[in-house]
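First comes the structure, then the notes that go with it.
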Amino acid sequence: MSDRIPFRVQPMLATLVRKPFDKPGWVYEEKYDGIRILAYKEGKNVRLLSRNDIDRTKGFPKIVDAIRTLKPSTLLLDGELVVFDSKNVSRFQLLQQGKGEAVYAVFDCLYDQGKDLRRRPLSERRAAMEKSLRPPGVLIPSRRLAANGLEAYREAKKHDFEGLVAKDASSLYVEGRSTNWLKVKVYQEDEFVIAGFTKPSGARRHFGALLLGAYQGGRLHYVGKVGTGFNESLLASLAKKFKPLKIDRPPFVDPPRERDVTYIEPKLVAQISFQEWTADMKLRQPVFLGLRDDKKPTEVLLPEPEK
C-alpha cells in the first residue's frame, strides 16, 4: 500500500446563520477561535496546511510529532489549531502571540489507511477520526455539544465559546462553502478587510483608525472603523505593511465620509471583536485582535440578511 494520499483538498466551510436552531439528524460542535488546518500524514511525513495552503508544519513540532505517531500510515485530518485560555476557551490572540500550548482540535477524517472517506457520511468520518486519535494530548477531538441545537447554543453561551457549528450527520465532505455545515456566533468576532486608515491625532503615531470592509456580490462594502486594540509596536508594524499598498481611490463601493483618509489595496485581513451589527450594517465597538494570513480578502463576506 502506498503511503501517498492521492489528492489535496480545500476545506469544507460552514455558512453563517443569525439564529440557533434544532434539526433532526444534525450534530452540534464547539466553534473554535483558531486557524483551520488540514493535516496530511503520509508514512513518517506530516504536513500541516492552512485553508489557503500556507505550510504551518515547522511552527508546531509537537503536533507534527503527535500525528506522526498515530497508527494509520496514511491519514488526512481536518481541524483547528487553537490555544485555550484559563477557562478552556480558545482564543485567537493567544495563538497569534505564541502564548500557551497549541493543540489540534480535530473534527473530520477524509482519508484513512488507503481509504478515501470524502463520499462517506460525516458520522462515519467522525468515527474514523476518533478511532485514529490517541488519548488526549496536543491532539483532541472537537468538543460535541448537546444533541438539541437550541440547548447546544445555550451551552456554548454559558461557557463563553465563540459559537457553535451545526453539521448534518449524513453530509458528505465537499470543498468550499456548504449549507450542510452552519455556524452560529455566540459573541461577535469575525474577519474584515482593511482598506484604509485615518490620520493619527494627539499622542498616537502612524495612524488613527483602520477602515474595514466585507464583500457582498463581489463588491467591497464599508462596515466601520476600528481604533482600539493597538500598542505602539503594532501601530508601527501595521503602518509598514500599509506603505506599499497605498492607492488614490477608495476600494469601497460606499466609502465613508471621512476626512484625512488614506486608502490601501484590500489585501490584508484583520480579526475583529465587536458588540453587534447596527441596523445599517456597521460594527459597534470593534476591537482589533490581529492580522490573519490564512484567509483571502475575497472570502470575507457580509453576513446573510436575517429572514
For side chain to side chain contact (heavy atoms under 4.5 Å, CB included), just list the numbers for Leu110 and Val9, CA-CA rounded to whole Å, side-chain angles, deciding distance to a tenth of an Å, and then say yes or no.
CA-CA 9 Å; Leu110 314 185; Val9 298; 3.8 Å; yes
What distance do [X] atom [atom1] and [Y] atom [atom2] have between them, rounded to the nearest 0.5 Å?
X	Y	atom1	atom2	result
Lys243	Lys246	NZ	NZ	7.0 Å
Leu38	Leu48	CG	CG	10.0 Å
Thr179	Leu13	OG1	CG	12.5 Å
Leu172	Leu122	CG	CG	10.0 Å
Leu49	Arg56	CG	CZ	10.5 Å
Glu258	Leu211	CD	CG	6.0 Å

Looking at every heavy atom in both [X] and [Y], which two are closest together, and how far apart are they?
X	Y	answer
Gly137	Val103	O-CG1, 4.1 Å
Val89	Asp160	CG1-O, 3.3 Å
Ser171	Arg125	O-NH1, 3.0 Å
Phe21	Ala166	CZ-CB, 3.5 Å
Gly149	Leu164	O-CD2, 4.2 Å

Main-chain N/O of [Y] paired with [X] side-chain donor or acceptor, under 3.5 Å:
X	Y	result
Glu299	Lys296	yes
Asp254	Tyr222	yes
Thr74	Ile5	no
Lys225	Gly227	no
Arg204	Gly208	yes
Thr15	Leu182	no
Glu191	Val269	no
Arg68	Lys44	yes
Asp112	Lys115	no
Ser90	Asp33	yes

Report yes if the side chains of [X] and [Y] come closer than 4.5 Å at any heavy-atom pair, otherwise no.
X	Y	result
Glu232	His206	yes
Pro11	Tyr173	yes
Leu210	Phe288	yes
Phe274	Gln285	no
Val287	Ile272	no
His221	Leu302	yes
Leu234	Leu238	yes
Val184	Lys19	no

Against Val226, only a single residue in Leu289, Leu283, Leu212, Ile194 fulfils side-chain contact (heavy atoms from CB on, under 4.5 Å); can you say which?
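Testing Val226 for a side-chain contact (heavy atoms from CB on, under 4.5 Å) against Leu289, Leu283, Leu212, Ile194 leaves exactly one candidate, Leu212.
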Taking the six-membered ring for Trp, are Phe84 and Tyr32 parallel (under 30°), tilted (30 to 60°) or perpendicular (over 60°)?
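Phe84 vs Tyr32 ring planes: perpendicular.
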Give me the ring orientation class for Phe7 and Tyr111: parallel if the planes are under 30° apart, tilted from 30 to 60°, perpendicular past 60°.
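Geometry flag for Tyr111 against Phe7: perpendicular rings.
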Does the ring centre of Phe60 sit less than 6.0 Å away from the ring centre of Tyr104?
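No, the ring centres sit 6.0 Å or more apart.
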Are the ring centres of Trp277 and Phe192 closer than 6.0 Å?
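Yes, they do, as the ring centres are separated by less than 6.0 Å.
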Let me know which of Asp78, Asp294, Asn52 forms a side-chain hydrogen bond (donor to acceptor under 3.5 Å, both in side chains) with Arg36.
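Answer after filtering Asp78, Asp294, Asn52: Asp78.
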Using the side-chain hydrogen bond (donor to acceptor under 3.5 Å, both in side chains) rule, pick out the option among Arg91, Lys31, Gln271 that qualifies with Glu189.
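Answer after filtering Arg91, Lys31, Gln271: Gln271.
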Could you walk me through whether Arg8 and Glu42 pass the salt bridge (Lys or Arg N to Asp or Glu O under 4.0 Å) test, one step at a time?
CA-CA 12 Å; Arg8 294 293 184 266; Glu42 298 173 306; 3.2 Å; yes
Test side chain to side chain donor-acceptor pair (under 3.5 Å) applied to Glu30 and Ser142, step by step:
CA-CA 7 Å; Glu30 177 183 353; Ser142 62; over 6 Å; no
Does the Lys NZ or Arg CZ of Lys157 fall within the cation-pi geometry relative to Phe161 - under 6.0 Å from the ring centre and within 45° of the axis?
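No, Lys157 and Phe161 do not form such a contact.
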Please determine whether the number of non-hydrogen atoms from other residues, nucleotides or ligands lying under 6.0 Å from atom CZ of Arg51 exceeds 12.
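Atom CZ in Arg51 is crowded, with more than 12 foreign heavy atoms closer than 6.0 Å.
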Please check if atom CZ in Arg144 has more than 12 non-hydrogen atoms from other residues, nucleotides or ligands closer than 6.0 Å.
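Check passes, neighbour count above 12.
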Just checking, any donor-acceptor pair under 3.5 angstrom between side chains of Thr198 and Arg259?
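Distance-only check fails for Thr198 and Arg259.
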Might you work through the side chain to side chain contact (heavy atoms under 4.5 Å, CB included) test for Val106 and Ile140, ending with a clear yes or no?
CA-CA 6 Å; Val106 188; Ile140 62 171; over 6 Å; no
Given the rule in the salt bridge (Lys or Arg N to Asp or Glu O under 4.0 Å) test, do Lys167 and Glu29 qualify, once you have shown the distances and angles that lead to the verdict?
CA-CA 8 Å; Lys167 300 178 179 179; Glu29 301 175 4; 3.1 Å; yes
Please evaluate residues Asp22 and Tyr28 with respect to the criterion side chain to side chain contact (heavy atoms under 4.5 Å, CB included), reporting the C-alpha separation (whole Å), side-chain torsions for both, the decisive distance (0.1 Å), and the verdict.
CA-CA 9 Å; Asp22 181 59; Tyr28 306 91; 3.4 Å; yes
Mind running ring-ring contact (aromatic ring centres under 6.0 Å, His included) on Tyr263 and Phe197 for me, showing each step along the way?
CA-CA 6 Å; Tyr263 290 106; Phe197 55 89; 9.3 Å; no
Audit row: Arg47, Asp55, salt bridge (Lys or Arg N to Asp or Glu O under 4.0 Å) steps and yes/no
CA-CA 7 Å; Arg47 292 187 72 197; Asp55 195 323; 3.0 Å; yes
Side chain to side chain contact (heavy atoms under 4.5 Å, CB included) between Ile67 and Leu139: does it pass, once the steps are laid out?
CA-CA 8 Å; Ile67 294 173; Leu139 306 179; 3.8 Å; yes
Let's go through Glu151 and Arg154 carefully: what are the C-alpha distance in whole Å and the side-chain angles of both, what is the deciding distance for salt bridge (Lys or Arg N to Asp or Glu O under 4.0 Å) to 0.1 Å, and is it a yes or a no?
CA-CA 5 Å; Glu151 180 59 34; Arg154 288 190 286 269; 3.0 Å; yes
Under a 4.5 Å side-chain heavy-atom rule over Ile, Leu, Val, Met, Phe, Trp and Tyr, are Val165 and Leu150 clustered together?
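Unlinked, Val165 and Leu150 end up in two clusters.
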